[in-house]
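Just the heavy atoms: all of them, side chains too, but no hydrogens, waters or symmetry mates, feed the values below.
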Amino acid sequence: MTVKAAIYCRLSEEDRNKQHETDDSESIRNQKSMLMDYSHEQGWEVYDIYSDDDYTGSDRKRPEFNRLLKDAERRKFDVILCKTQSRFTRELELVEKYIHGLFPLWGIRFVSIVDNADTASKGNKKSRQINGLVNEWYLEDMSDNIRSVLTDKRKKGLHIGAFPLYGYQKDPRQKGHLIIDEEAAAVVRAVFTLFSQGYGKTAIARMLNERGIPNPTEYKRLHGYRYQQPKSPNSTLWKYSAIAHMLQNEIYIGNMVQGKYGSISYKTKQNRPRPKNEWYRVEGTHEPIIDRALWDRVQALIQQRTRPFSSGKTGIFAGKVRCAGCGYVMRSSQSHGRYYLKCPNRQVSKDACAGAFISLNALENAVITELNQLSAQYLDKNNIAAQMKIIRRLSEDIFAKQEEQLRNHIALYEKKISEYRKALQNLYLDKTKGILTESEFLSFSKNFAEEENRLEGMISDSRRSLSELQRSKESKDNPEKLSEQYTNLEHLNREAVETMIDYIRIEKRLPGTNKVPIEIHWNF
């Protein structure tokens, strides 16, 4: 019977020997040649060659790596052949999952020829585990080194991002320095000026779109610059969020601000926001597009518009209420201990808009009245309670799955600790037999101890998450109370408004009356 071998090659760094981007690097060609020669020596037939160029050993999204795994699961070959185990993966978790777990179940042998890893050899497992640990430590050390270098550059105010901010270009003569892109900078100045003149963020976005000015991503694409692929590839329009981010970005006044997001772990590319006090901020690193006076005026206006809705009663309708006359979001004001919403255009210009005005209590009462009318007309409380019971049962299923997953993680971590302790005992026996030197044993045992401490920390975190999950499960309200919460409202809160209301339009008060026409656009 002919043995079919799948060859897997990988290179993690940009190879300067490439003539063209689509060519294989010299290292990849060397790997292929070495592995094909080895296959022929063993009398194996090469089923296919899987090659990932410019991918790290911790990247689980490698296209050829994943194609290899799918073909392995379908039993399309008998052997996976690599130059070293680290070419397949540098993660100990994947070593255990595939090389020691799934591959044997699928009847597939794993061989790496340089470090002598071979699943056909029973006495070879310890060596493969040590290789996996060493590769795991290499990943962590490399991540720490890269992070240290990037942190140093951030502290010095050097730009380290792949894409410069709209309005700037990377200086070709000085690495890490930004220079102004005048064509885009003119748009940035226009945005700041319009906002300082009283135009809202949505209105500014609309004006730019009407003038046919491409948004930052489309601008970079049209000019052949590098850019981050948008989530909506066909979108070329300016949006509220783009204007909002621009108006508060200090890079436009010459300050380099970086490190707003940090990676969760060296094993994943996912990022999470970092507290503002952990950002890296260096003043005067490049030429500003916006002068300080205009910047301060814009920041004061932003603060003025957002502060009234920061908390408490006034925050219930934040961003939801618009003037019917001009479409601007209404702002809150206070007089004699009472809160009101009014059109901001009345302050910009008397001729800009006739203006809308309403007390917060009157608006809340109007919303509650209409909501309860809709509830009485269309909703069946018994049916809602029944639906809530179904939702609760589904929630309990979700809780059960999350709980099972956490318990499985704890069991896995405890199993790994047991394996490390057993491996340490075997290493000690190797030392007593003279297979390992004293320094080699101390080095390995230190690393084993550090890995054991890390796993014990992960066990503690998982147990803490399990306790929090159980507390959350016990604190859930009963279905009847949940249904009552949304069918018999007496007061509103921000959560209810955000869930149920798209926006509200307020007309100017009808002459000779106290009636203010209100138009509520619901989310249902």
Side-chain angles (χ1 to χ4, degrees), residues 57-61 89-102 105 125-126 128-144 147 259 261-278 388-428 443-479 481-482 495:
S58 62
D59 190 345
R60 299 189 181 192
K61 294 182 180 180
T89 183
R90 286 191 180 276
E91 291 190 73
L92 183 60
E93 181 183 342
L94 294 189
V95 171
E96 294 296 331
K97 179 178 180 179
Y98 289 106
I99 297 179
H100 296 155
L102 292 175
L105 289 176
K125 186 173 183 180
K126 187 197 300 183
R128 295 194 301 272
Q129 287 175 326
I130 291 175
N131 285 341
L133 279 173
V134 171
N135 288 325
E136 186 91 17
W137 297 328
Y138 170 82
L139 270 182
E140 192 168 1
D141 289 344
M142 183 174 64
S143 175
D144 289 341
R147 188 182 294 112
Y261 292 85
S263 62
I264 296 173
S265 164
Y266 68 90
K267 292 186 178 183
T268 175
K269 293 184 178 180
Q270 291 182 339
N271 289 326
R272 62 185 173 193
R274 301 176 64 186
K276 198 169 184 178
N277 61 357
E278 294 183 12
M388 289 295 182
K389 287 180 180 178
I390 294 172
I391 291 171
R392 190 178 185 185
R393 283 198 297 271
L394 291 173
S395 298
E396 289 175 350
D397 290 341
I398 293 171
F399 276 125
K401 288 179 181 177
Q402 291 176 335
E403 186 175 341
E404 182 184 7
Q405 187 178 39
L406 285 169
R407 293 190 186 281
N408 288 340
H409 285 168
I410 292 170
L412 176 63
Y413 300 147
E414 288 176 339
K415 180 182 177 183
K416 286 187 176 181
I417 287 176
S418 177
E419 289 175 353
Y420 291 149
R421 288 173 179 170
K422 187 175 180 180
L424 187 60
Q425 292 174 355
N426 291 333
L427 286 173
Y428 180 76
S443 176
F444 279 124
S445 60
K446 179 185 176 183
N447 290 330
F448 274 123
E450 290 174 352
E451 188 66 15
E452 186 177 331
N453 288 335
R454 185 182 71 85
L455 287 169
E456 285 176 346
M458 293 171 73
I459 289 173
S460 297
D461 290 343
S462 296
R463 284 176 175 160
R464 194 179 303 113
S465 298
L466 186 60
S467 298
E468 291 173 358
L469 183 69
Q470 290 168 342
R471 284 197 297 271
S472 176
K473 181 180 178 181
E474 292 167 1
S475 66
K476 292 297 179 184
D477 293 330
N478 62 61
K481 186 175 179 181
L482 285 171
E495 180 185 5

Contacts of type side chain to side chain contact (heavy atoms under 4.5 Å, CB included), residue Leu102, not counting sequence neighbours: Lys97, Tyr98, Leu105, Trp106
Side-chain heavy-atom pair Arg60, Thr89 within 4.5 angstrom cut-off: no
In this structure, CD of Glu419 is separated from CG of Leu455 (nearest 0.5 Å) by 10.0 Å
By ring pair (Phe, Tyr, Trp, His ring centres under 6.0 Å) - contacts of Tyr413 (at least two apart): none
Residues forming a side chain to side chain contact (heavy atoms under 4.5 Å, CB included) with Glu414, sequence neighbours excluded: Ile410, Ile459, Arg463
How long is the span from the CD atom in Glu96 to the NZ atom in Lys416, to the nearest 0.5 Å? 6.5 Å
